[in-house]
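Quick notes on the structure that follows.
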Amino acid sequence: MVRINDIVEEVLKYNPQADVELLQKAYIFSAQAHKGQVRLSGEPYLIHPLEVAYTLTKMNLDVPSIISGLLHDTVEDSYVSKEEIEDYFGKEIADLVDGVTKISKIELKPSEDSKVENFRKMILAMSKDIRVILIKLADRYHNMLTLNFLTSDKQIEIARETLEIYAPLAHRLGIEWLKGELEDIAFKYLNPYEYRKITEKLAKTKKERESYINEVKDLIKEKFEQFHLKMEVSGRAKRIFSIYKKMVQEELNIDDIYDLIAFRVIVDSVKSCYLALGIIHASFKPIPGKFTDYIALPKANMYKSLHTKVIGPHGEKIEIQIRTHEMHRLAEEGIAAHWKYKEGKVFDPKEDRVFGWLRRIIESQQELKDNKEFMEVFKIDLFPDDIYVFTPRGDIKELPKGATPVDFAYAIHSDLGHKCIGAKVNGKLVPLKHILKSGDAVEIQTSPTHKPSKDWLSFVVTSKAKTKIRQWIKSEQRERSIELGKALIEKELSKHDLSFSKMLKTGDLLTIAKEFSFETADDLFAGVGYGLYTPLHVLGKYIPEAEKPTKLQKIISTIRKGKDTSIHIEGVDGVVVRFAKCCNPIPGDKILGFITRGRGLTVHTIDCPNILAYDDQRKVPVSWDLNKQYAYPVRIKVLGDDKKGLLSEISTVMSTHKANILSAQAMTYPDKSAAGIYEIEIGHMSQLQKIIKSLQKIKGIRSVERVKGNA
Ligand code: MN
C-alpha cells in the first residue's frame, strides 16, 4: 500500500524544492473527506487517491498535480465544495480538481451521443490544462487495476472505453508504459481467452527465452566492442496486447519464441545511433524493407528511434530498436519529459514544444460544432497511423494515413486547398483523390478561379480539410441564396414600382425580416432564395390591394407554398415545389422530386430523361396528395384534317370535361392536315385520359397525344 511518505519521497527525487507541507496538508484533507468511505474491494477509499498521486509522481508531475491527484475525488464523492478547495489550496488546484470531476461526471451517461460529448469535454479540459488529462489517466489506471471488484458488464464497459480512448490518449501523449499497461489490462477483460493463451505461452517459454536473449545480447555486445562504441543492450518480451495485435495481423507466430522478443540498443548520441545501425547491419543480415528511421521522421507523439529487423544466429528474425538515452526517456515518459519546472509555469498547449497533433486537435475542436463531425476527426487524430510527405521545398508534412493531395494542400494553407485543381506526386500527375504514401514529394497545382468541390468531402481525411471545405460550402450556399433572394424580391417590387434600395435603406425590409423571425435582411433574402418563402408572400402588405395576385396567380402561388401543395414529401414541409417544364407532371403520373440547391424541390415524371442525369443523392421520393384539388398545365398535340369547325369541336370537348384552355397554337400543312398544340389545365390524369378519348372520337382527328418537353 502506498503511503504519503512514499509520494513525498518520489517527488523530492525529481523536485527537491517541492512544497512538502502542502502535500501533507492535502493528504490530511483527503483523508478527512473520504473518512468512513470504502471501495468495492472493501479497502479504505483513501487508498485510491494515494495510488493516483503515486502514479503522477511516476510521470514527474508538479506539486499542484500531485495534490489534485490526492483530492481528485473529494468534490465528487464527499461533501467538499470547489470553493473550499480553493480556500485551502488556491485557484490552480481547485481548477484542476474541478476539471477531473467534470470529466468523471460526463462519463456516467451511457448513450452513444454523450460519449462523444465526453470526448469533447476531455479535449476541452485538455486545451485548458493538460494536467487534467494526466490526472484522469492516473485515475483510470488505478481503476483498471481494481476492475475485478466490479460486475462483468461494468468491467467490459470500462475496459472498452479504456482501450478506445484512454490508451490511445496515453500513446498520443507519448507515455508508453501507461499505454501498454492500460491496453494489457483492458485486453484481459475484453478477451480473457486470448489473454490467457498468450500469458501462459510467455510463462512456459520464460527460461528458453531468457537464454536466447542472453545469447543475442552477448553477440551484439561482442560486435560493438570491436568498434569501441559505448552501448547498452537489452531484450524483453513484447507486451501482451501488442503480441495479440501482431498475431491477428499474421505478423507473428505465437509458437515461435523469437517472435515474442524485442531488443533495444541504447547509445550516447544521435550519431552513434546510425553508427550502431551500421554495425548491426554489418554483423547480421538485414531484412529488406524492415528499416524505419523515426529519428529523421519522428512519430506524431515525438517518438524517436531507429527500428530494424535482421536475421539472427538461428535464421530467426530479430527486432532491434536503436535510440539515445534521451530518446529512451522521451519514449517512456512522453509529454512528462517535456515538463518545465520554472516557477509558476503551467503547461501551455500553444507553446511551440507541444505536440503537433494536440495543437491541431485543439484548433479544430473550436471549429467543429457537431458531435458526429468531432467524433470523426477525433478518432482519426487519435490513431497514429501517420505518413510523412515532402513539400516542393523539401519540408516534411505529417498527415494521417489515407491523406490525399487535397489534405496536403489544406495542411499547407487554406487558400492552396481552395484553389487546388491538380497534383503531382514524385513528378507525375495524379487525381486529387490519390492516396499519398510516406516519402512522396507532393506538388499542388492551382488555378486562381478554382473553387472547392463538395465531392472532396468524400475522400479527404484531415480535420482541417474537412472543416475548411464545409465552411466554404456553407458560406457559398448562403451567398448564392442571398443573391437569388435579393433578385426575386427586387423583381417583385419593381412590378409594383417599389424600390428595393429604398426599402433597404428605410429599414422596411428589416421589419419584414423580423416579422418572419429572421435576424437580418440578409437572412430574409437567404430564406427567399432558399425557397422557404415566395417574394409575394413576404412582401404581402406592401403591395396595393388592386395589384394583389389574380385568382390564377393565387392558385399557382398556393401550389408553390409548399405546405399546401398537392405534393406530399415524407418528413418535409415548407419547401417550394415547382413542376418541371420538361415533363409537366400531373396527378396520376409517377413522380420523383429533385432538390435544386437554393431553389427548393422540382417535381419530374419518373421517366423524364432529364432526371436520369441527376445525382441520386438529391432525389426525393414524392407522391400526390389526392385529397387536394389543383389545376396543372399540360400540353396535348392534336393532329387532324384541316377542316372547318374542328377547332370549335375540340374546345367543346375541353369545356365538357372542365379543362381550361390556357393557350392554343395551330398550323396547317400542305397535305391538308392541321396540328394544334393546346395547353390546358387539368386536375388529374384520369381527366386527361377522358379528354384524349373524347377527342379521338371526333371525326377527322388522326391522333391525339400528350406532349412532354418543349416539343
Ligand atoms: Mn478516482
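Ligands are counted one by one from 1 in listed order, and the atoms in each one are counted from 1 as well.
Not less than 6.0 angstrom separates the ring centroid of His307 from the ring centroid of Phe291.
The Mn ion (ligand 1) has no N, O or S atom of His142 inside 2.8 Å of it.
Using a cutoff of 4.0 Å between basic side-chain nitrogens and carboxylate oxygens, Glu92 and Arg131 are scored as salt-bridged.
Remark: Lys25 qualifies as a cation-pi partner of Phe89 under the 6.0 Å distance and 45° angle criteria applied to the six-membered ring.
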Let me see the working for His72 and Val52 under side chain to side chain contact (heavy atoms under 4.5 Å, CB included), right down to the final yes or no.
CA-CA 9 Å; His72 81 274; Val52 171; 3.7 Å; yes
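Note: angle at the Mn ion (ligand 1), from OD2 of Asp73 to NE2 of His48, is 90° (rounded to 10 degrees).
Restricting Asp139 to its N/O/S atoms, the shortest distance to the Mn ion (ligand 1) is reached by OD1.
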